[in-house]
Every structure is written in C-alpha cells, then in structure tokens.
Amino acid sequence: MAMRAAVLAPRGLRRLFSTSTFIPPPVNQSTPSPPQAEPSPNLFVSGLSKRTTTEGLRDAFAKFGEVVHARVVTDRVSGYSKGYGFVRYATTEEAAAGIQGMDGKFLDGWVIFAEYARPRPPPGTPPNTGNYPPYGGSPPYGQQ
DNA sequence: AGTGAGCGC
C-alpha cells in the first residue's frame with residue numbers, strides 16, 4: 001500500500017496555504033517621503049539652459065498666470081546659471097496652470113521641468129555659531 | 001568649460 005504516504009503528504013503542506021494572517025501590501029498609510037512637494041504658489045524649474053535668465057523664465061511662465069517672483073539660480077563666484085530657477089505665482093492654482101503649461105516644454109532649446117518647490121527653512125534659524133538664544137542659534141539638547 | 005542632477009540667501 002504505497003498510497004498511504006501519498007495521502008498523508010498534502011496534509012503537511014496545508015499550513016503553507018493557510019489563510020491565517022495574510023499581510024496585504026500596504027498602499028501607503030502615511031507619506032514619509034513624498035517625491036514631490038505639496039501644492040504651493042512656488043515653483044521649482046529645472047532643466048534650464050545656461051542662457052536662460054530670470055527675465056526669460058518669468059516671461060515664459062507669465063503666460064499661465066501672474067508671476068510675482070522669478071529667479072534663475074546663478075553661481076556667486078562664476079556668475080553662470082546653475083540651470084534651474086524658481087517661479088512664484090500669485091496663487092496656487094496659477095502655479096498648477098504653470099506646471100501644466102510649462103512642464104516638459106522647451107525653453108531656449110532645453111526641455112524644462114516645472115514642479116512645486118520644497119518649503120525652505122525661513123531665516124531666523126541660523127546655524128549653531130556657538131551663541132545661544134537670545135543671541136541666535138539653538139540651545140543644547142535637554143535644555144528648555 | 002559648461003560635462004546636465006538639482007531646491008534659492
């Protein structure tokens with residue numbers, strides 16, 4: 001009777017197919033590291049040509065909304081463009097229109113990328129120079 | 001020098 005072993009074998013494999021405690025792939029309960037920043041009137045534009053200046057950047061984005069501020073980041077010492085810049089619209093919806101209208105488009109022969117700019121640490125929290133408040137800087141840990 | 005990813009003073 002060799003069939004005996006064939007019948008008993010599948011019984012041991014049952015635990016592999018048991019429906020107990022199946023962990024479904026978590027979609028995304030929390031957003032620990034969003035690839036893009038949340039909507040804001042501020043835009044980060046990359047992929048700019050070295051020839052593109054603040055004026056050209058503002059002029060290109062002004063077609064989709066009221067640009068209150070535009071700047072092409074240039075190196076302090078060399079003075080040349082770093083190839084990216086920032087555009088600030090009056091409202092967030094205008095910024096969205098600016099992204100839809102300029103992202104992936106050409107500017108001075110280069111494909112540019114427009115997205116929401118990341119929030120920047122405001123001036124008021126200078127690097128720890130050794131001076132503690134009220135002279136500026138951060139107090140050591142454990143101190144209130 | 002502008003080689004080309006990125007986040008500004």
Side-chain angles (χ1 to χ4, degrees), chain A residues 5-144:
Chain A
V7 175
L8 293 176
R11 276 233 305 235
L13 297 177
R14 277 230 198 131
R15 46 200 306 272
L16 296 179
F17 298 93
S18 70
T19 57
S20 64
T21 326
F22 172 73
I23 305 176
V27 183
N28 223 346
Q29 319 183 54
S30 59
T31 51
S33 54
Q36 283 191 346
E38 49 187 280
S40 70
N42 225 19
L43 257 55
F44 171 74
V45 186
S46 58
L48 295 178
S49 168
K50 305 295 183 185
R51 299 159 294 190
T52 303
T53 178
T54 294
E55 199 175 57
L57 185 65
R58 172 191 289 266
D59 184 72
F61 279 78
K63 297 181 297 185
F64 304 95
E66 179 184 349
V67 179
V68 292
H69 185 67
R71 172 176 302 165
V72 170
V73 179
T74 54
D75 187 75
R76 290 291 183 93
V77 288
S78 64
Y80 283 102
S81 170
K82 286 187 178 179
Y84 65 90
F86 295 89
V87 173
R88 167 169 293 212
Y89 281 100
T91 61
T92 303
E93 54 186 19
E94 285 177 318
I99 292 180
Q100 301 297 325
M102 286 305 299
D103 184 52
K105 297 307 188 309
F106 279 87
L107 183 57
D108 289 333
W110 285 83
V111 180
I112 68 175
F113 300 95
E115 56 189 329
Y116 294 112
R118 301 172 184 166
R120 216 193 38 176
T125 46
N128 206 336
T129 55
N131 281 335
Y132 305 134
Y135 303 102
S138 306
Y141 299 102
Q143 196 168 358
Q144 320 188 30

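By convention in this document, chain letters (A, B, ...) are assigned in the order of the sequence lines, proteins followed by strands, and residues within each chain are numbered from 1.
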What is the distance, to the nearest angstrom, from the CD1 atom on A:Ile112 to the P atom on B:dC7?
18 Å

Scan for side chain to side chain donor-acceptor pair (under 3.5 Å) pairs involving residues 41-50 of chain A, sequence neighbours excluded, and state none if there are none.
A:Asn42-A:Arg88, A:Ser49-A:Arg51

Given DNA chain B, 5'-ward residue of the pair A:Tyr80 and A:Leu43, judged by closest heavy atom:
A:Tyr80

Contacts to DNA chain B from residues 84-96 of chain A, heavy-atom cutoff under 4.0 Å, which residues?
A:Tyr84, A:Phe86

What pairs of donor and acceptor atoms, side-chain ones from residues 95-106 of chain A against any protein atom, are under 3.5 angstrom apart with sequence neighbours left out?
{"residue": "A:Asp103", "atom": "OD1", "partner": "A:Ala114", "partner atom": "N", "Å": "2.9"}

In whole Å, what separates the C1' atom of B:dG6 from that of B:dG2?
16 Å

Atom CG of A:Asn42 and atom P of B:dG6 are separated, to the nearest Å, by 20 Å

Could you note down all residue pairs passing ring-ring contact (aromatic ring centres under 6.0 Å, His included) where residues 66-103 of chain A supplies at least one of them, sequence neighbours left out?
A:Phe44-A:Tyr84, A:Phe44-A:Phe86

Identify which nucleotide among B:dG4, B:dG6, B:dC7 has an atom closest to any side-chain atom of A:Ala117, counting heavy atoms from C-beta outward.
B:dC7

Of all residues at least two apart in sequence or in a different chain, which pass the side chain to side chain donor-acceptor pair (under 3.5 Å) check with A:Thr92?
none

Measuring from the side chain of A:Ser46 (C-beta onward, heavy atoms only), which nucleotide among B:dG6, B:dG4, B:dC7 has the closest atom?
B:dG6

Value in whole Å for how far the C1' atom of B:dG8 lies from CG of A:Leu57
12 Å

Test item: A:Pro41 and A:Thr91 side chains (from C-beta on) under 4.5 Å apart, heavy atoms
no

Is the distance from OP1 or OP2 of B:dG8 to the nearest side-chain N or O of A:Arg120 less than 4.0 Å?
no

When rounded to whole Å, the NZ to C1' distance for the pair A:Lys50 and B:dG4 reads 6 Å

Which part of the nucleic acid does A:Tyr116 contact within heavy-atom distance under 4.0 Å: base, sugar-phosphate only, or nothing?
base

Separation of B:dG6 atom C1' from A:Glu115 atom CD, nearest Å, is 9 Å

Looking for any heavy atom pair under 4.0 Å, which part of the strands does A:Leu48 touch: base, sugar-phosphate only, or nothing?
base

Contacts to DNA chain B from residues 59-77 of chain A, heavy-atom cutoff under 4.0 Å, which residues?
A:His69, A:Arg71, A:Val73, A:Arg76

Can you give the donor-acceptor pairs under 3.5 Å from side chains of residues 52-61 of chain A to other protein atoms, not counting sequence neighbours?
{"residue": "A:Thr52", "atom": "OG1", "partner": "A:Asp108", "partner atom": "OD2", "Å": "2.6"}
{"residue": "A:Thr54", "atom": "OG1", "partner": "A:Val72", "partner atom": "N", "Å": "3.0"}
{"residue": "A:Arg58", "atom": "NH1", "partner": "A:Val67", "partner atom": "O", "Å": "3.0"}

Residues at least two apart in sequence or cross-chain that pass side chain to side chain donor-acceptor pair (under 3.5 Å) with A:Glu115, listed by chain then number, are A:Gln36

